[in-house]
Protein chains: 2
Amino acid sequence: MKGQMQTSLKEPFNREKQFANKRRAVIRAAGEAFRRRGYHNTSMTEIAKALGLTKTALYYYVNSKEEILFECHIMVYDAFDECVKEHKGKGANGLSELSTVFSELVKLLTRDGLSLLTDVSSLSGNWQKDVLKRRGKIESRVTDIVKRGMKDGSIRGGDPQLTVFFFMGALNWLNAWYAPGGRLSGDLIAEQFTAQMRNGLAA
Amino acid sequence: MKGQMQTSLKEPFNREKQFANKRRAVIRAAGEAFRRRGYHNTSMTEIAKALGLTKTALYYYVNSKEEILFECHIMVYDAFDECVKEHKGKGANGLSELSTVFSELVKLLTRDGLSLLTDVSSLSGNWQKDVLKRRGKIESRVTDIVKRGMKDGSIRGGDPQLTVFFFMGALNWLNAWYAPGGRLSGDLIAEQFTAQMRNGLAA
DNA sequence: CATAAAATTGACCCTTGAGTCAAATTTATT
DNA sequence: AATAAATTTGACTCAAGGGTCAATTTTATG
């Protein structure tokens with residue numbers, strides 16, 4: 001009988017895993033480019049070249065450019081979801097839960113790789129619908145935290161949705177100015193942003 | 001001798017004025033469309049149709065699509081500048097000046113017509129440079145207000161630029177969710193956003 | 001080594017949409 | 001009405017870029 005190696009060592013020889021990895025790399029590279037130059041200013045050929053590939057090779061891993069954009073959105077939202085779930089219900093009160101989550105989200109976005117795209121209008125039909133639904137879900141989860149905080153008295157009153165819109169803007173705007181390795185580190189940003197958000201809401 | 005009418009009555013017969021007006025209307029209509037569907041998802045033909053014109057007619061008023069995008073940016077920044085200048089140095093302290101300005105900016109953006117575009121990467125060469133320079137100037141003017149506030153003790157310490165990035169995000173994110181005539185009125189948004197910003201910064 | 005599956009390629013097709021141009025139409029002026 | 005200037009149009013050109021396909025190279029396996 002053949003000896004079975006550990007899964008981790010077998011992984012590099014696992015075809016499906018390899019495929020999935022490469023596919024993810026494509027999405028990542030594309031996301032990076034989209035973030036910097038925008039979806040429509042980035043051609044498939046460019047994405048391919050960045051990976052040392054040919055445009056045609058890309059299409060072996062992906063069905064369309066639009067699909068890539070879609071997956072870029074989903075990738076971030078998955079990470080967001082995980083982050084929110086991880087802290088769900090924890091923290092002394094709504095405000096402190098919110099602070100933790102917000103801080104983690106900033107760190108997530110400044111740790112290179114993931115970037116929050118804003119170009120939803122370039123997605124058509126169901127794709128756009130799905131992404132918007134997804135965004136809505138996350139926003140409403142965060143809104144729930146805010147509501148919790150308003151109930152337990154840690155967060156000042158006001159329209160909860162509007163409250164969320166305000167600081168979600170800060171996250172989305174990150175892409176426009178944040179440069180990894182620049183004067184402002186991810187941790188610094190997380191710290192100051194969180195303080196600013198927290199004080200803005202504290203009762 | 002011919003009698004001279006008031007300028008206001010003569011205006012409709014003033015060729016240059018007419019031209020300028022129509023041109024402005026083109027920029028406005030385009031800006032509106034860009035905001036909703038994005039620059040690249042809006043064709044010149046669509047812009048024209050929205051005005052009851054033909055694509056070729058647009059080119060009578062404008063040299064290129066890119067020029068339109070450029071002017072859209074400039075138009076908003078002009079309005080921003082005016083708003084900031086109007087309140088320059090006024091207010092009991094930095095924080096109150098900042099609050100007033102911020103509130104006015106929100107109102108400006110929710111009063112239909114003007115919209116803050118984010119697609120800078122679709123501009124090439126000098127156009128992009130100019131817009132970024134312009135954006136930088138405004139940000140630094142606002143940053144100056146923040147600095148004033150930190151000096152006079154009304155605003156808590158921290159990196160001033162980072163402070164500004166935080167709440168400028170809220171303005172830029174407006175486009176993604178604000179719908180004129182919806183549940184959340186411009187005035188309401190202005191009020192709550194300003195409170196949130198103010199409390200976030202108050203010493 | 002032979003074979004099949006996986007991965008990659010170059011050449012090609014085709015649509016979309018920006019921008020042009022000469023001609024037609026409208027508007028003001030004498 | 002005649003003329004010149006201002007507007008507007010339909011028909012066209014052209015390049016960019018997304019996507020396809022048949023053929024080739026690479027990789028794993030018996």
Side-chain angles (χ1 to χ4, degrees), chain A residues 1-5 9-27 29-31 33-34 37-72 119 121-125 127, chain B residues 2 5 9-27 29-30 33-34 37-72 119 121-125 127:
Chain A
M1 192 203 251
K2 276 186 269 187
Q4 288 293 318
M5 293 192 184
L9 285 182
K10 269 170 57 187
E11 250 181 57
F13 300 98
N14 178 331
R15 234 71 191 263
E16 288 183 17
K17 273 267 164 66
Q18 285 314 94
F19 184 89
N21 277 343
K22 290 184 190 173
R23 193 185 136 95
R24 232 190 329 268
V26 168
I27 314 278
F34 292 167
R37 299 194 300 281
Y39 177 67
H40 287 284
N41 303 313
T42 307
S43 71
M44 290 298 268
T45 309
E46 285 170 331
I47 299 173
K49 224 176 279 176
L51 291 162
L53 291 180
T54 284
K55 177 173 59 157
T56 324
L58 243 62
Y59 279 94
Y60 181 67
Y61 296 100
V62 123
N63 288 307
S64 70
K65 193 185 180 187
E66 210 179 339
E67 185 185 277
I68 298 186
L69 181 58
F70 178 76
E71 302 262 20
C72 285
D119 192 346
S121 26
S122 295
L123 290 169
S124 62
W127 265 328
Chain B
K2 272 186 272 186
M5 293 193 184
L9 285 181
K10 268 170 57 187
E11 250 180 56
F13 301 98
N14 177 334
R15 232 71 192 262
E16 289 183 17
K17 271 267 164 66
Q18 285 314 93
F19 183 90
N21 276 343
K22 290 184 189 172
R23 193 185 136 95
R24 229 188 335 264
V26 168
I27 314 277
F34 292 167
R37 298 195 301 279
Y39 177 67
H40 287 284
N41 304 311
T42 307
S43 71
M44 291 296 271
T45 309
E46 284 169 333
I47 299 173
K49 224 176 280 175
L51 291 162
L53 291 181
T54 283
K55 177 172 62 155
T56 324
L58 281 192
Y59 281 93
Y60 181 68
Y61 295 101
V62 124
N63 289 307
S64 71
K65 193 184 179 188
E66 211 179 337
E67 184 184 279
I68 298 185
L69 181 57
F70 178 76
E71 301 261 20
C72 285
D119 193 345
S121 25
S122 294
L123 290 169
S124 62
W127 265 328

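Quick note on labels: first sequence line is chain A, next is B, and so on, each numbered from 1. This is a predicted model, so every value here is computed, not measured.
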Shortest side-chain distance from A:Thr54, nucleotide among C:dG10, C:dT8, D:dT8: C:dG10
Selection from D:dT9, C:dT8, D:dA6 that lies nearest to any side-chain heavy atom of A:Lys22: C:dT8
Sort me out a list of protein N/O and nucleotides 19-21 of chain C N/O pairs below 3.5 Å, or just none if empty.
unit_1: C:dG19; atom_1: OP2; unit_2: B:Tyr59; atom_2: OH; d: 3.0
unit_1: C:dG19; atom_1: OP2; unit_2: B:Lys65; atom_2: N; d: 2.8
unit_1: C:dG19; atom_1: N7; unit_2: B:Lys55; atom_2: NZ; d: 2.8
unit_1: C:dG19; atom_1: O6; unit_2: B:Lys55; atom_2: NZ; d: 2.5

What is the distance, rounded to the nearest whole Å, between atom [atom1] of [X] and atom [atom2] of [N]?
X: B:Lys49; N: D:dG10; atom1: NZ; atom2: P; answer: 12 Å
X: A:Glu46; N: D:dG18; atom1: CD; atom2: P; answer: 9 Å
X: B:Ile47; N: C:dG17; atom1: CD1; atom2: P; answer: 12 Å
X: B:Tyr60; N: C:dT26; atom1: OH; atom2: P; answer: 16 Å
X: B:Phe19; N: D:dT7; atom1: CZ; atom2: P; answer: 7 Å
X: B:Tyr61; N: D:dA6; atom1: OH; atom2: P; answer: 12 Å
X: A:Ile68; N: D:dG17; atom1: CD1; atom2: C1'; answer: 14 Å
X: B:Leu51; N: D:dT9; atom1: CG; atom2: C1'; answer: 16 Å

A:Lys65 side chain to A:Thr42 backbone, donor-acceptor under 3.5 Å: yes
Donor-acceptor pair, side chain of A:Glu67 and main chain of A:Ser64, under 3.5 angstrom: no
Side-chain contact, heavy-atom cut-off 4.5 Å: [X] with [Y]?
X: A:Asn21; Y: A:Arg24; result: yes
X: A:Tyr61; Y: A:Ile27; result: no
X: B:Met44; Y: B:Ile68; result: yes

Distance (rounded to the nearest 0.5 Å) between A:Asp119 CG and A:His40 NE2: 5.5 Å
